[in-house]
Structures are given as C-alpha cells and as structure tokens.
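Beneath this line is the structure, given in structure tokens, with notes to follow.
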Amino acid sequence: MFDTERLAIETELTAFLLELGLAVPAGGFKWSQLPYAGEWGIATSFFQIAADEARAGKGGNVAQRAQELARAAAARLGTPTGFARIEAVKGYLNLYYITAAYGQRVVDTAIEDGAAFGRGPARGQRIMVEFSQPNTHKALHVGHLRNMMLGAALANILEFAGWDVIRANYIGDFGKDVLKWVWNYRKHHAGEARPAEQVTHWMGDLYAEATANLENDPDGNKEIEALFHRWEAGDEEIVNLWRETRQWSLDGFNEVYSQLGIHFDRIYFESDFEQSGKEYVAELIHRGLAQDERPAGPVIVKLDELLGNEKEEYRVLVILRSDNTALYATWDLVLAQQKFKDYPDLDVSLYVVDVRQSQHFKQVFKTLELAGIAEIKKAAHLPYEIVNLPGNITMSSRDGTVVLLEFFINEAVNRARQVSLESNPELDEQTRAEVAWAVGLGAIKFPLIARDNTKIATFDWESALDFNGQGAPYIQYAHVRANSILRKAGGDLPASAMPTYTLDPKEVALIELLAAFPQVVQRAASEYRTLLITTHALELAGAFNDFYNACPALTAEPPVRAFRLRLIAAAKQTLANSLALLGIQAPAVM
RNA sequence: GCACCCGUAGCUCAAUGGACAGAGCGCCUGACUUCGAAUCAGUAGGUUGUGGGUUCGAAUCCCGCCGGGUGCGCCA
C-alpha cells in the first residue's frame, strides 16, 4: 500500500551501496514488517550484503559488518519523508511510519473502496478452477465439503486478486457404480419417486443397498453389463431411467450448492466423454503411444518405457478396460483437451482433487504431453488431503462412519440457533433463523479451509460444533460488534481527518493488519492457499477485539471518536471482505 | 520395492531462509449497572522426531535414519 515510499528508500539505498562499491543483493531488497508489537513500519537487513562482501575477499564478522552498514545507511538516509524515525538494530534498518498520516490513508482507502477493498488490478489472465466433482446416485459427506469449500474459496480469491475465473464442475454421472444403482432400483424400487427433501442422502442409501444386493446376487454383474450395453445402444427405457434418476441427484446437488453459496460457470459430465474418449484411445493406439492388449488385457500407456526411464516414475496408465468399457482416465484424456477448446485463451487449468489422485493426473498430463498437446503444460493438479475421523481413521460408508453433509449442516445450524437463543434472546425468529444459517455454516466451512492443503483434517463432532475460539464465529462476532457500535453512533460516518492524538498501540496494530490485506490476497492467490486468508481474518478479528477493549469510541472526545468510528468502519469492511472470499456470511447481528 | 505427503506446547494448528518459534482448545485464576462475555486479561506448557550438510543466519533448503499416512496396468 506504500510502494511509493518504499521505492524512494530503495533508490537511496542503491546509491548508498554504489558509493561504497557494494552491489544490491540478487533479488533486490527484501522488506518485512517490523516485528514489534504496536510499532508499525518496514525493515530490511544487511546480512546478505555483508556476507557477499566477506566472501569476495576480506572476510570479517558478518553480523558486525551488517550492523555497521545499517548504521551508515541510517545516517545517510536521515529521516526520509513519510517516516517518523529510522534506526539501525542488529543488522536491520528499521523505518517507522508516521502512524497518523498513514493510518488515515489506510482507513480512507478501506472505506472508499468498500467491498472492493483488497481487490487486485485485472491481470488479463484466465484460470479455470475445477472442483466439487460429485458422483450422481451417491451421497455427499464432509469429505466433499472440504473440496467444495477449498475450490469455491480459491475461485473467489483468484477472482478478487485479478484473475478471470471460470468455475467448473465435473460430474460423475456414468460408469459401473451408476448402473449398479439403476440395476438395484429397477429390481427393488421400480416406480418409486424421490423424496421431497435430502435427496442425495436417499440416493446414497439406495447406493449402499445396491452394493449389498450385488454381493448376494450371482447374476448381478452380468445383468449390470447388459444394462451397460443397452445404455450404449440408446435403449429408451434405460436411458430415460438413467436420465431421470440422474436429475434427482443433480437437484439434490443444486440444493446443497445453493445452501453453501456455490455456483458454477461450466458443467461437464463424464457421460459426454464416453464416445470421444474411446475414439481418442483408438487414436493413441493407432499412433503407437498406447498398447492394445485386448481382449486378454486392457489398453495401456507404458509411460516410463516411452520416456526411456530406468526407474519407475510414471508407471503404466490404463486408458480402456479389456471389456471395452471406459474408465476415469478415458474421460479425463479428452476432458483436459475440451477445456482448452471451450476456452482457447485459458492460461491455467486447475484441478482441485484430493491427493490420492496425484499419480493419476501426473500420468494423464504426461500422456497428453507425449501426444503433442501443447496446452497441457497449463494444466495443474492442486492436491489436498482428505478428511479423517479421530485416530486417523478413514470414513467409510460400509462401516457407517461417513458423516453425511445434509445431516451435518442441520446439526450445525441447530447448534447455532441454541447458542444464539442463550446469548441474544431478544432476536426475532426470522432474523435468528438467518443468523443460525450464517453462523452454523460458517463454523463448519472454516476449519476445512483454515489449514494447509497438505494437512489431513480430522472430523469430530465436539470441535465441529464448538463455536468458541479460532473459527468463523469469532470473526463474525467481531464484525457484529463493529456493526453494533456504528449503529449506536447513528447517522453518517464522520469526515476523514488525520488523527490529532497519539494513536494507541492497539489502533496501530489494527491499522497495520488492514493495510496488509491486499498483499495477503495476492499471496493467497499465487500460492493457492486459503489458509492465508483465514489466518489474516483471525488476526484481524483478534486485533479488533484488542482495540475494542482498549479504545472506547462512542464516549471518546470528538476528534478521537471521529477517527475511531472510521477505523471501526474500515475494520468491519475488511472483515466482511475476508469472509466473502471464504464463502462465509457476515451477519449484522448474532 | 518405487513415488508423494506429514512429524512444532497435553490436543488442533500457525510462522515471505531472518530479530525473543506464536495462536486457539484444555487446566488453573480473574473481568459483564461501562460501545454485545460466541469476548477479554493473566499463569503454566518447546532440545521444532533424529543425525549430518548448505548458509552470515535453518522449524523452513539438501541427504540419511526413525515414526505415521497415501498411491502404484483394468475404482473414481
């Protein structure tokens, strides 16, 4: 936010180093925030320069020399315009902002930009984020929620950072599992209609039933294979039934997406690639890239052999079953290309899929690269770890340990309603219902995106329904408090004015976090890390609470009151913007 | 066997290669006639799994080892 001031300092420092016959370190000056609580400014160190100098010849004590250079640089710079003071400490050059002037600038920017505060300039680049990827005829559980939240939040962050984002979904609407469901439905539920509510839950129950029935039915697999051939031949009864039941799942998904505040720009279906996938496999065989072992074996791509690898790195990719049926890889080979056909100006094609499929994507992308698909270099898999149960136990529908999404959402919303009843009994029912949804959903979404993608998430009911501490309700509560003060202040915000009093360290700390928000957005986007936004939002809420306790606004003297009300408005806006990126609502009351 | 991921306070997790490794939860002690206690203040808690290496500087980068997890020619 203060690039102009920083660049002026860099120019001076470069000249200073030149005079001493020293060079700017490779990569330029590295700036960091002052680590002192309540102090606000930037710092850079001279260790690298001193070390380079020592290596070049004369040796010497690096730490001592760094401090010497820092001291000389401080003397040379004097007190630069825009800064309150400058100091050299332990090899660091510390520059302290004029908090009143800078604070005013930060607060004004946040208020003026409003919902756009933190937004980056348009990059003119386009990215597709594929996420969610549910399978029809199956249930949704908390594992799916992590994917949905990660993908949705990432898409929001990328868009806010300046990317042109396409949100894509890839629905698993075909394959053996789907026909297994259809097979069981025809046998045991023919003519039965979908329930009015919790459709995906019901679809999942029937899927579990189908799995059990198939195990006890010696003719089952043959019958399912027959269904497959009828579907492929366009048999009206089967295709219609498949289409109708698929729609039940899609209706259920849309209901959940709507509840979660998720939308997509482009939807792909596996079934759409059944034909083209097989044609592409034939092409790969024809070109000698794939080996056809049918009917004894499947169609495979021997990647390591093609690459001349001694070690097994890419291994073998199966792209068509020996019985000619398609599988995941068949569809993925053509889908990857289809995305670039649909969006020729795509710069990045991102797949948000759990880590267990890392090798699969490595294989698919490498196969396409060998096939000469140049754009595939723009495709990337973003792996994330799965959601487990305590004791590092993987959820299993067979063991009945899966936490179904609809059930989980209901529990969380009910719990939020209870807490709201206790802490704010005067709310009217309509508002309370809205608050319960906002807080309950926020609480369950947050922990799934507030950790690094490489970390396994552990689900347990107690912590999932605990609304205290580091979580979405904490941030929402800070937002509510800010809103409450502004409401009591009444009327319009005071006009912008530079504070004429010495800012409290708590105010400075809060302003510093507001100022950092735009850079945090950029970093989160470039590293694909939602964690950076959640951490910043928690710190911001914490800083606001510290400020709230230390710095009364409504009862303060007019000039103090005026600046604090504006600071509160800026904090409220930034909290709301952060939550919006995470796909979490910021209620006015709770 | 090969590949990838994880190991930081009792638990769950942070920490652009930089200054004393930080939060929450839990334990204990306090704060609501004072802008909303879903909050806050305070106490206690660490040889960052381990051994080397690179570097002025390593929780962070490289190598070995230990422990845990995941994937590996017809599941998605």
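So you know, we letter chains A, B, ... as the sequences are listed, proteins then strands, and number each from 1.
Under 4.0 Å is where a charged nitrogen must lie from a carboxylate oxygen, and between A:Lys222 and A:Glu225 no such pair does. Between A:Asp292 and A:Arg294, at least one side-chain nitrogen of the basic residue sits less than 4.0 Å from a carboxylate oxygen of the acidic one, meeting the salt-bridge criterion. Salt-bridge check for A:Arg415 with A:Glu411: failed, with every basic side-chain N at 4.0 Å or more from each acidic carboxylate O. Taking a cutoff of 4.0 Å between a charged side-chain nitrogen and a carboxylate oxygen, A:Lys366 and A:Glu313 do not qualify as a salt bridge.
Residue A:Gln359 places no side-chain atom within donor-acceptor reach of the base of B:C4, judged by atom type and a 3.5 Å distance cut-off alone. Contact annotation: side chain of A:Ser322 to base of B:C74, donor-acceptor pair present below 3.5 Å. A donor-acceptor contact under 3.5 angstrom links the side-chain atoms of A:Gln357 to the base of B:A76.
Residue A:Phe47 contributes atom CZ, which lies 18 Å from atom P of B:U16 at whole-angstrom precision. In this structure, A:Glu539 atom CD and B:G22 atom C1' are separated by 9 Å, rounded to whole Å. Here B:A3 presents its P atom at 22 Å from NE2 of A:His360, a figure rounded to the nearest Å. At whole-Å resolution of the value, CG in A:Asn453 and P in B:U70 are 19 Å apart. Rounded to a whole Å, the CD1 atom of A:Ile386 is 12 Å from the C1' atom of B:C5. Between the NE2 atom of A:His536 and the C1' atom of B:A15 there is a distance of 15 Å, rounded to whole Å. Protein atom CG of A:Leu531 is 10 Å distant from nucleotide atom C1' of B:A15, rounded to whole Å. Straight-line distance from the CD atom of A:Glu270 to the C1' atom of B:C75: 11 Å, rounded to whole Å.
Residue A:Ala66 is out of contact with every strand shown, counting any heavy-atom pair closer than 4.0 Å. Heavy atoms of A:Arg529 sit under 4.0 angstrom from primed sugar atoms or phosphate atoms, though from no base atom. Contact annotation for A:Gly297: base contact, defined as any heavy-atom pair under 4.0 Å involving a base atom. At a threshold of 4.0 angstrom between heavy atoms, the contacts of A:Gln48 include nucleobase atoms, whether or not backbone atoms are also involved. Counting any heavy atom pair closer than 4.0 Å across all strands shown, A:Glu312 reaches a base atom. Within 4.0 Å of A:Ala296, counting heavy atoms only, lies at least one base atom of the nucleic acid. Base contact: A:Ser32 has a heavy atom under 4.0 Å from a base atom. Among the heavy atoms of the strands, none lies under 4.0 Å from A:Asp304.
Side chain of A:Tyr36, nearest nucleotide from B:C13, B:C75, B:C20: B:C20. The side chain of A:Asp177 has B:C75 as its nearest neighbour among B:U70, B:C75, B:G1. When distances run from any side-chain atom of A:Val89 to the nucleotides B:C25, B:A3, B:A19, the shortest one goes to B:A19. Distance from the side chain of A:Arg451 is smallest to B:U12 among B:C6, B:G71, B:U12.
For A:Gln64, the CD atom sits in a loose shell: 12 or fewer heavy atoms of surrounding residues, nucleotides or ligands are nearer than 6.0 Å. Atom CZ of A:Arg71 has 12 or fewer neighbouring heavy atoms from other residues, nucleotides or ligands inside a 6.0 Å radius. Atom NZ of A:Lys506 is surrounded by 12 or fewer heavy atoms from other residues, nucleotides or ligands within 6.0 Å. In this structure, A:Lys362 places its NZ atom where more than 12 heavy-atom neighbours from other residues, nucleotides or ligands lie under 6.0 Å away.
Side chain of A:Ser358 to backbone of A:Val355: a donor-acceptor contact under 3.5 angstrom is found. A:Asp304 places no side-chain N or O within donor-acceptor distance of the main-chain N or O of A:Asn309, the cut-off being under 3.5 Å.
With P as the reference atom, B:C75 and B:A14 are 36 Å apart, rounded to whole Å. Using atom C1' as the reference point in both B:G17 and B:G71, the two lie 32 Å apart (nearest Å). A distance of about 49 Å separates the C1' atoms of B:U48 and B:U33, rounded to the whole Å. Taking atom P on both nucleotides, B:U50 is separated from B:A44 by 24 Å, rounded to a whole Å. Comparing the same atom, C1', in B:U12 and in B:G7 gives a spacing of 14 Å after rounding to whole Å. Taking atom C1' on both B:A59 and B:C20, the two are 15 Å apart, rounded to the nearest angstrom. Between B:C63 and B:U16, the distance separating the two C1' atoms is 25 Å to the nearest Å. Rounded to the nearest Å, the gap between the C1' atom of B:C2 and that of B:G73 is 15 Å.
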| said: Set out, in order, the CA-CA distance, both residues' side-chain angles and the distance that settles side-chain hydrogen bond (donor to acceptor under 3.5 Å, both in side chains) for A:Tyr328 and A:Gln357, then state yes or no. | reply: CA-CA 11 Å; A:Tyr328 195 41; A:Gln357 288 180 46; 3.1 Å; yes

| request: Applying salt bridge (Lys or Arg N to Asp or Glu O under 4.0 Å), run through A:Arg321 and A:Asp323 and close with a yes or a no. | output: CA-CA 5 Å; A:Arg321 290 197 188 92; A:Asp323 65 358; 5.1 Å; no

| field | Full working for side-chain hydrogen bond (donor to acceptor under 3.5 Å, both in side chains) between A:Arg246 and A:Thr136 | value | CA-CA 6 Å; A:Arg246 177 180 86 153; A:Thr136 64; over 6 Å; no

| message | Within the 4.0 Å limit for protein heavy atoms, which parts of nucleotides 59-65 of chain B are touched? Write it as a string from 5' to 3', B for base, S for sugar-phosphate only, - for none. | response | -------

| task | Could you run through nucleotides 34-45 of chain B and give me one letter per nucleotide, 5' to 3': B if any protein heavy atom sits under 4.0 Å from the base, S if only the sugar-phosphate is that close, - if neither? | result | -BBSBSSS----

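The side chain of A:Lys176 contributes no N or O atom lying less than 4.0 Å from OP1 or OP2 of B:C74. Phosphate proximity of B:C4 to A:Ser358: absent, as no side-chain N or O sits under 4.0 Å from OP1 or OP2. In this structure, A:Lys455 reaches the B:A14 phosphate: one of its side-chain N or O atoms is under 4.0 Å from OP1 or OP2. At B:A76, one or more side-chain N or O atoms of A:Arg321 fall inside 4.0 Å of OP1 or OP2 (strictly under the cut-off). Residue A:Lys30 has no polar side-chain atom (N or O) positioned under 4.0 Å from OP1 or OP2 of B:U16.
When the nearest nucleotides of RNA chain B are assigned to A:Pro35 and A:Gln363 by heavy-atom distance, the more 5′-ward of the two goes with A:Pro35.
A:Trp461 and A:Phe459 have perpendicular rings, their planes meeting at more than 60° on a 0 to 90° scale where under 30° would count as parallel.
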| said: Let's test your reading of the pairing rules: Watson-Crick or G-U wobble, both distances under 3.5 Å, then write RNA chain B as a dot-bracket string with ( ), [ ], | and dots. | reply: (((((((..((((....[...))))..((((.......))))......(((((..]....))))))))))))....

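Base orientation of B:G49: anti (glycosidic angle beyond 90° from 0). In B:C5 the O4'-C1'-N dihedral to the base is more than 90° from 0, which defines an anti nucleotide.
Here the straight-line distance linking atom OG1 of A:Thr530 with atom NZ of A:Lys445 works out to 13.0 Å at 0.5 Å rounding.
A:Gln476 and A:Ala438 make their closest contact through NE2-O, 3.2 Å (heavy atoms, listed as atom of the first residue, atom of the second, distance).
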